[in-house]
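Just so we're on the same page: letters track the sequence lines, and every chain starts at 1.
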Amino acid sequence: MTIKNFLYVNRKAPYGTIYALESLEVVLIGAAFDQDVSLAFLDDGVFQLTKGQNTDGIGVKNFSPTFRALGDYDVTKLYVEAESLAERGLTADDLQEVMYEDEDDDWAEKPSIKIISRAEMADVMAGADVVLSF
Amino acid sequence: MTIKNFLYVNRKAPYGTIYALESLEVVLIGAAFDQDVSLAFLDDGVFQLTKGQNTDGIGVKNFSPTFRALGDYDVTKLYVEAESLAERGLTADDLQEVMYEDEDDDWAEKPSIKIISRAEMADVMAGADVVLSF
Amino acid sequence: MSTLHTVNKSPFANQSLISCLGHCKDGDAVLMIEDGVYGGLGGTGLTEIMANAAKSVSLYVLSPDLAARGVDAARLMQGVQGVDYAGFVDLVATHDRTQNWL
Amino acid sequence: MSTLHTVNKSPFANQSLISCLGHCKDGDAVLMIEDGVYGGLGGTGLTEIMANAAKSVSLYVLSPDLAARGVDAARLMQGVQGVDYAGFVDLVATHDRTQNWL
Amino acid sequence: MKFGVVVSEGPYTHQAVDSAYLFVKAALDAGHEVPRVFFYHDGVNVSTRLSIPPQDERNIQQNWTALAKGHGIDLVVCIAAAQRRGLLDENEATRQGKDANNIAEGFRISGLGQLIEMGIQTDRLVTFGD
Amino acid sequence: MKFGVVVSEGPYTHQAVDSAYLFVKAALDAGHEVPRVFFYHDGVNVSTRLSIPPQDERNIQQNWTALAKGHGIDLVVCIAAAQRRGLLDENEATRQGKDANNIAEGFRISGLGQLIEMGIQTDRLVTFGD
């Protein structure tokens, strides 16, 4: 079977709308298809990855822990745009840690989140075969 | 019965979403209640009033003629924000004519659309008893 | 006579907050809820506009929405106050009208 | 290898068009549809950004959406081209991928 | 004080209806009255009894039905908006020749006049939408 | 060329599903294939057969059902998104103990895998949403 580069583009904040959550549901199902998967977080999408999310006060399920499970599904490329972070007053320290075990490197724990520039994000986008936008 | 000032605030463009159309449906029903009614058009809401709308190519009903019927329902105060027009490269000439017959002035035909400044729009808003936002 | 304005959209994605601030009268209050709470963040490109607005308008964020999004209250710009749902209700009751910037 | 980008939101309300333009590669195409067609208007605060983008990117608007909104094609800024749905389909087919800025 | 509430977006997709629910509960807790909540635009979708959310998520329709029952809140679904979007009660379904209906207990289908009336009869109106 | 299409918003509220319909028609007219359209998020609301739009407006569901029938398009409604929002076929309704169902002819409820499969098997993917 052909392997395609699937890119999931996340540009919306979590909780105000369901797109972030339902995007993650596609990623989890899609992981079973043995494609080359990348996730892009830019614009308000970077807010999805902030640590310390606590939804007790709004009665909505906190789905942010699910990002940390992505490594188990071999989803290991989470690209976060540096300019989007900076515009929102955020730094890498505000994001939760998402790790995976690299099977090609003796199962060493490595970070899944890669902070890249806007120009690099444009390259990531241009390298995709299939772009799914949320 | 108490008469309240009802203000319908329209800030969205037509056709891309249904809010403009369903706002107008409230205005038409609301006209039967003998309240003091004003409509505010600001931000992308000013696009609702452009003339020459032709929806044949998108399969959606053209509701812009309905604005011209508002006078028959005694809805005669359509406030349009000048700054919103200017930011969008529009002038009063781009808007359709909406007229009403003034019963207090020998049924003289008068324009329902009043172009006002942002500061005046803030005054209109502050003068409302009930604000319905679309 | 004053108005409570609510804004529920991120100011980084949408112009609602800016438009709202442009239509406030002195003494009005602006409550940022849902994705709107990001408008209260300090140290962003919007902070100057917000600081200017805070001179004549009271600025609030809905704390449960802030917590949901993982934003610590310490990250709020000066002059923005957190309220819970009971505080939201009080703001509605103590202002003459509510205008929701959707 | 090039991308067709679609934008369906008004640039006066939403940042999608600006973000899209910031992520285009030379030779890409941007098609404005639905409320996105307002991005093609000349004589607005956005015209300079758009004119700059037009140097490296092809700009299109979906004509049926433009007509629905009462915008005469003469109001489009220079360098923005109208296409119908058949043209939309051709743009999808002749670019390697489509990215929709929702 | 009497509060009127408008819900303009559908369940799960937008947070609006969750915010409205928590606001109404807080208003009641504070001793205010909420005689009516009006569901308009996609807000009418809240009223379906056919929704089956995942077990670990809130059931938005059932929460509203229970709240309305406990506090005598009139949950009104706009008929024009509901017809477009496929929300029908038994009477409407029969009248329109449809073979099913989907409105949940506690919700009532009626006209836009109920929205205007709510604006007239309440002291404050708050809209939750997008 | 093979086109896959995703519809992410509900009928009447957003223009997305109207744009998708005209795009699919134009693609077919140009000789392309559209083997599948996938309805996700509020897009699942398009599939209800209980919608009654005003007489002078288009019937979005019926238009899709007719187009799919005429051209053999597989209209797939995401099951997870549909359950949240109250869209059920007869099987699901029975299985979940619901007393009614509302899916229109021509629409098929299935999993998210159908979306990924569409991405793999088509040459181009276009999403219409908000």
task = Please assess D:V92 against F:V126 for the test side-chain contact (heavy atoms from CB on, under 4.5 Å), listing each intermediate value before the final yes or no.
result = CA-CA 8 Å; D:V92 171; F:V126 187; 3.9 Å; yes
key: F:A30, part contacting chain D, at a heavy-atom distance under 4.5 Å   = side chain
message = Rounded at 0.5 Å granularity, tell me how far CZ in F:F128 sits from CG in D:N8.
response = 9.5 Å
Whether over 12 other heavy atoms sit under 6.0 Å from F:E57 CD = yes
query = Do F:L125 and D:T98 have side-chain heavy atoms sitting under 4.5 Å apart?
reply = no
ask   = Is it the backbone or the side chain of F:D130 that comes under 4.5 Å from a heavy atom of chain D, or both, or neither?
value = both
remark   = With sequence neighbours left out, the residues meeting salt bridge (Lys or Arg N to Asp or Glu O under 4.0 Å) with F:R124 are none
request  = Check whether F:L22 gets within reach of chain D through its side chain, its backbone, both or neither, counting any heavy atom under 4.5 Å.
outcome  = both
query = If contact means a heavy atom pair closer than 4.5 Å, which residues of residues 15-54 of chain D contact chain F?
reply = D:I33, D:E34
ask   = Should we say atom CD of F:Q96 is surrounded by more than 12 heavy atoms from elsewhere, each under 6.0 Å from it?
value = yes
inquiry  = Report which part of F:H32 has an atom under 4.5 Å of a heavy atom belonging to chain D: side chain, backbone, both, or neither.
reply    = side chain
request  = Taking ring pair (Phe, Tyr, Trp, His ring centres under 6.0 Å) as the test, write out the residues that go with D:H95, two or more places apart.
outcome  = none
request  = Decide if atom NZ of F:K25 counts as having more than 12 heavy atoms of other residues, nucleotides or ligands within a radius under 6.0 Å.
outcome  = no
ask   = For chain F, which residues from residues 58-89 of chain D have at least one heavy atom closer than 4.5 Å to it?
value = D:D65, D:R69, D:Y85, D:A86, D:F88, D:V89
